[in-house]
Amino acid sequence: MPNQLSNQTLSTQTASSFITLAVAPAKVIRGCNILQVAATEIAKLGSRPLIVAGNSTVAISQENLQPILEAQNLHVAQASYGADCAEASLKALRKAAKEHKADVIIGIGGGKALDTAKLVAHQLDLPVATIPTSAATCAAWTALSNVYSEDGAFLYDVALSRCPDLLILDYDLIQTAPQHTLVAGIGDAIAKWYEASVSSGHLEQTLIISAVQQARVLRDILFQKSAIALQQPGSEAWREVVDATVLLAGVIGGLGGAQCRTVAAHAVHNGLTHIAGHSSIHGEKVAYGILVQLRLEEMVQGNQLATASRQQLLKFYAEIGLPQKLGDLGLGNITLGELQTAAEIALTPQSDIHRLPFKVALEQLMAAMVSTTAPTDSRDSVHRVSTRGISDEVEE
């Protein structure tokens with residue numbers, strides 16, 4: 001429960017000076033084969049848990065989690081969220097929770113399962129525990145849920161009242177996930193530096209300075225350890241990278257707030273979901289979006305540091321298998337109309353892309369999206385790139 005401020009304290013503040021931050025889960029448990037310990041902690045939150053899982057993780061939950069919870073004399077029910085954190089599934093899960101008389105929600109699975117569980121718990125004012133089964137996102141940590149359409153198109157996000165009450169990071173469980181999920185998590189996490197530094201690197205608030213510097217540390221950890229981690233699953237380096245993608249990435253958003261969380265890379269992701277559906281996962285789209293953001297900084301601002309950063313990332317992406325261009329996302333045959341649709345959604349008035357320190361026009365964004373692998377000596381100005389030029393890169 002939040003601390004209650006006295007009337008005297010309130011009288012010394014102005015309304016605009018209040019900032020609410022949901023920094024971290026109330027408790028984080030991490031280790032190998034720790035679900036047994038976690039069950040005891042879940043029992044402290046409630047006795048009638050509803051487990052929210054995806055279609056692919058229901059079996060994992062039934063085999064690994066449910067028996068342990070039942071051994072704690074908990075009355076367990078399970079429900080699948082389907083393919084996306086969508087309004088229809090949220091409604092169905094709220095109904096299931098009420099019918100079960102659930103007093104705690106448990107999310108187990110990837111980012112969308114955890115986002116769904118967090119949002120259902122938020123809507124019902126129930127405690128929530130998150131158990132990630134991959135290291136693809138920091139969703140297990142954050143006080144944020146993204147809502148999608150049934151077809152996988154991003155619709156809106158919801159700021160939650162608090163981070164999860166319990167986060168259970170079981171390395172053995174994470175290691176069962178396909179390796180490409182960790183690769184995607186690296187892409188999602190490393191975006192924190194490129195987005196936070198451009199939106200908030202100039203700010204002087206103590207916690208935002210801390211968040212930006214943590215984003216730099218996160219980037220350096222991933223540059224140094226990702227390749228080794230992917231070669232040696234389960235190793236110390238692998239666990240450090242998992243901690244970086246699931247935990248440290250969440251810390252940055254918690255300390256820095258929305259201002260540090262997302263800029264152009266995530267905005268491009270949101271646009272791509274409207275044309276790519278489920279052909280690639282969140283972190284892959286975000287990783288590509290970083291290259292688009294850096295390309296915009298090059299083309300619009302003439303930023304040579306952005307050029308060097310993009311080339312560094314292209315080399316890193318090639319080493320670990322992150323997408324460098326639209327074709328790598330399964331969009332090699334994208335049409336000009338589809339490209340424009342994605343760009344228009346990324347540029348909607350409420351989009352995070354407007355946290356960039358410059359304005360971005362539709363044609364500029366489209367040009368950046370088709371030139372993420374441009375050589376370093378490219379002197380193309382976005383002002384000289386026409387829609388006709390863009391169409392040379394995509395099918396009409």
Student check: side-chain heavy atoms of [X] and [Y] closer than 4.5 Å:
X	Y	value
Ser149	Phe154	no
Thr273	Asp151	no
Trp141	Val28	yes
Tyr288	Leu326	yes
Pro132	Leu169	yes
Ile275	Ile334	yes
His354	Val263	no
Gln175	Ser134	no

Mind checking whether [X] and [Y] sit in one hydrophobic cluster, side chains of I, L, V, M, F, W, Y counted as touching below 4.5 Å?
X	Y	answer
Leu182	Leu173	no
Val370	Leu272	yes
Val242	Leu222	yes
Phe358	Leu347	yes
Leu114	Leu126	no

Has [X] got a side-chain atom pairing as donor or acceptor with [Y]'s backbone, closer than 3.5 angstrom?
X	Y	result
Lys225	Glu240	no
Lys192	Ile252	no
Thr245	Gly185	no
Asp172	Asn33	yes
Gln293	Tyr194	yes
Ser210	Thr206	no
Thr133	Ile174	no
Asn303	Glu297	no
Arg239	Gly234	yes
Arg48	Val104	no

Ile209/Val212 under side-chain contact (heavy atoms from CB on, under 4.5 Å): CA gap, chis, key distance, verdict: CA-CA 5 Å; Ile209 291 171; Val212 173; 6.0 Å; no

Any chance [atom1] of [X] has more than 12 other-residue heavy atoms, nucleotides or ligands included, within less than 6.0 Å?
X	atom1	result
Gln301	CD	yes
Gln304	CD	no
Arg30	CZ	no

List the atom pairs, with distances to 0.1 Å, where a side-chain N or O of residues 317-324 and a protein N or O form a donor-acceptor pair under 3.5 Å, not counting sequence neighbours.
residue	atom	partner	partner atom	Å
Tyr317	OH	Ala287	O	2.8

If you measure only the distance, is there a donor-acceptor pair under 3.5 Å linking the side chains of [X] and [Y]?
X	Y	result
Arg295	Ser371	yes
Thr262	Glu195	no
His282	Asn146	no
Asp243	Tyr171	yes

Partners meeting salt bridge (charged side-chain N to carboxylate O under 4.0 Å, His left out) with Glu41 (sequence neighbours left out): Lys27, Lys44

Side chains of residues 68-93: which donor-acceptor partners sit under 3.5 Å, not counting sequence neighbours?
residue	atom	partner	partner atom	Å
Glu70	OE2	Gln66	NE2	3.0
Gln78	OE1	Ser61	OG	2.3
Gln78	NE2	Gln66	OE1	3.1
Ser80	OG	Asn55	OD1	2.6
Ser80	OG	Gly82	N	3.1
Asp84	OD1	Lys112	NZ	2.4
Asp84	OD2	His278	NE2	2.6
Glu87	OE2	Tyr156	OH	3.1
Ser89	OG	Asp84	O	3.3
Ser89	OG	Ala86	N	3.2
Ser89	OG	Ala86	O	2.8

Residues Leu313, Arg310; criterion side-chain contact (heavy atoms from CB on, under 4.5 Å); working and verdict: CA-CA 5 Å; Leu313 279 181; Arg310 182 171 59 85; 5.7 Å; no

Matching residue for Pro164 among Ile106, Thr142, Val128, Ile131 - test: side-chain contact (heavy atoms from CB on, under 4.5 Å): Val128

